Student: 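Once you've had a glance at the structure underneath, I'll fire off some questions.
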Number of protein chains: 2
Amino acid sequence: MAEKPTHVDSFRVQNDRQRNQTVSTTGCQPFVLPAAESDKLERIIEASPALKKGTHLFHQGDPFMSIFVVRAGTLKTYTVTNEGEEQITGFYFPGEVVALGGIGNDEHPVSAKTLETTTVLEYPYQPLDSLAGQIPNLRTQIVSCMGKEIRDEQQMMLLLSKKTAEQRVATFLYKLSVRFKQRGYSATLFRLSMSRNEISNYLGLAVETVSRIFTRFQKQQLIKVEGKEIEILSLERLYTVSGDEKQSPEQSVQYR
Amino acid sequence: MAEKPTHVDSFRVQNDRQRNQTVSTTGCQPFVLPAAESDKLERIIEASPALKKGTHLFHQGDPFMSIFVVRAGTLKTYTVTNEGEEQITGFYFPGEVVALGGIGNDEHPVSAKTLETTTVLEYPYQPLDSLAGQIPNLRTQIVSCMGKEIRDEQQMMLLLSKKTAEQRVATFLYKLSVRFKQRGYSATLFRLSMSRNEISNYLGLAVETVSRIFTRFQKQQLIKVEGKEIEILSLERLYTVSGDEKQSPEQSVQYR
DNA sequence: GACATGAAATGACCTCGGTGAATTGAATAA
DNA sequence: TTATTCAATTCACCGAGGTCATTTCATGTC
């Protein structure tokens, strides 16, 4: 393990906006507005300091006050079952919005924790919401984000209840690739910021299963694994294995 | 089977607002507003006729135009996997909002189908959204609904990746009970509008497993099953079995 | 360097719940 | 009434993936 964070824990943005200067949000905010309105928005945003690996942004049950956008680094969100084991509900990369599940609720339904050194932008929800009342464009973008979250979770439900272990891992890697590509990183060569344990937890599998499948995929020349470094050797085949490929209807009638 | 609908299919509200009279929405709309604003809202709503069992409200891939609120009856939403099998993503009862996953997307990410004769209210999204721009209260209620959908789906992810078959079925019945109670129906005696097949699909299990567990629960005097009629004999024990009960922290330190 | 520690990989074994087949039941139709 | 059909149940069997134990590897520490 890189750092030993254990209990730095729970950062709270303490008016650390230097010299009343608005925060630069270059290239990572999901809410894009024309200059004048963008100014208003930026005035309510607070930038976090660099948060060490293992820091909580918030805990499940904390009062819901803000949503967050990742600037750099990675977050996971998770719920805790009654037996105390965690269930990871999502990983969040730069540009992605965290804590939407708290909207309309008085408390956060999940915890959010950094997987590596991470910085975020905090959007205090009440000001954000009233801005959304003045700026239709912003309102639209917020509900769009929420809609996307809903759709992503539906995909995840499908994965968890219908896919085999192989399909889950393939889907995971494929979707990571797509997300990295969208953010301008390589689609085929990247570093997993989460542990095998976290991957398996997220996918509803045992660690051992993920391990075995990584090696199997490597033997099949699908990927190249070297610790946390992943190279995808064939995105096409990976996609095929993921089970998301829509096979042409012809295929099922092909009887001759 | 009650009717044989097969392909009544895909209803579209065709200006069936009788004599320009606004639709009565007694007791089933999730969006509650003071009189004046409520009027504005009601002017954009369209009421569906009674939809027979098996009717589609919309199909996955249809252009997203409206969200819906169930007035009477039951709906299911589902996605279709590439192999053509469906994955049910939710059941919706009177007062509940359907199609939130389409917001911010040009098409519906799921299909919605009636499980019995059902009526809905249609809220065309564009007018609804611009109203939301004028009525902060309405905006709040819409995003709250979406937030709740996100939280519900997170719970479902937890169920699908961590719970045993027994826990899933218990959770399903318990949550139904809570929802019925909220709507003013009996919490302990109700009729399942969905088939065993649909239950098992939703819960990520085989039909046979659901069947076995229903009989097991009955033997254990947890519930009384008679076809689609369910009587819950002990909500407390059902909740315990569901695995959602938070056991007091003391319990785990109780070593003497 | 040697040592310690936790993550990851590998293997042997086992179990929960899926599969397939057969039976029963309930609802509609003729 | 009987025939038909599809939902639901029950049983016997099996396999994907979990569990437990061991080994290997990587990283950090002294």
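Chain letters run A, B, ... following the sequence lines, proteins first, then strands; residues in each count from 1. Note that the structure is predicted; figures quoted are calculated from it, not measured.
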Student: Measure from the side-chain N and O atoms of B/S161 to the backbone N and O of B/M157, and report whether any donor-acceptor pair falls under 3.5 Å.
Tutor: yes
Student: Can you check each nucleotide of nucleotides 13-19 of chain C against protein heavy atoms at under 4.0 Å and return B for base, S for sugar-phosphate only, - for none, in 5' to 3' order?
Tutor: ----SBB
Student: Start with the C-alpha distance between B/I199 and B/L192, add both sets of side-chain angles, then the distance that settles side-chain contact (heavy atoms from CB on, under 4.5 Å), and finish with yes or no.
Tutor: CA-CA 9 Å; B/I199 295 172; B/L192 299 173; 3.9 Å; yes
Student: Which one, D/dA8, D/dT10, C/dA8, comes nearest to the side chain of B/S195?
Tutor: D/dA8
Student: Could you state the CD-P distance from A/E198 to C/dG6, rounded to the nearest angstrom?
Tutor: 16 Å
Student: In whole angstroms, how far is the C1' atom of D/dT27 from the CD atom of A/E116?
Tutor: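 For the pair A/E116 CD and D/dT27 C1', the rounded distance is 17 Å.
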Student: Quick one: label A/S211 by what it contacts on the DNA or RNA (base, sugar-phosphate, nothing), any heavy atom closer than 4.0 Å.
Tutor: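 Contact class for A/S211: base.
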Student: What is the separation between atom NZ on B/K53 and atom C1' on C/dA27, rounded to the nearest whole Å?
Tutor: 11 Å
Student: Atom CZ of B/R196 to atom P of C/dA26: distance rounded to whole Å?
Tutor: 12 Å
Student: Using a 3.5 Å cut-off and no angle test, enumerate the donor-acceptor pairs between side-chain atoms of residues 211-223 of chain A and protein atoms at least two apart in sequence or in another chain.
Tutor:
from, atom 1, to, atom 2, distance (Å)
A/T215, OG1, A/S211, O, 3.1
A/T215, OG1, A/R212, O, 2.7
A/R216, NH1, A/E166, OE2, 2.8
A/Q218, NE2, A/V225, O, 3.3

Student: Would you call the rings of A/F180 and A/F190 parallel, tilted or perpendicular, taking 30° and 60° as the class edges?
Tutor: tilted
Student: In whole Å, I'd like the distance from the CZ atom of A/F217 to the C1' atom of C/dT10.
Tutor: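 Nearest whole value for this atom pair: 18 Å.
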Student: In terms of side-chain geometry, is the basic nitrogen of B/E116 or B/K52 positioned less than 4.0 Å from the acidic oxygen of its partner?
Tutor: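 Answer for the salt bridge query: no.
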Student: Expressed as a whole number of angstroms, how long is the span from A/K228:NZ to C/dG6:P?
Tutor: 15 Å
Student: Taking atom NZ of B/K181 as the centre, report whether more than 12 heavy atoms of other residues, nucleotides or ligands fall under 6.0 Å from it.
Tutor: no
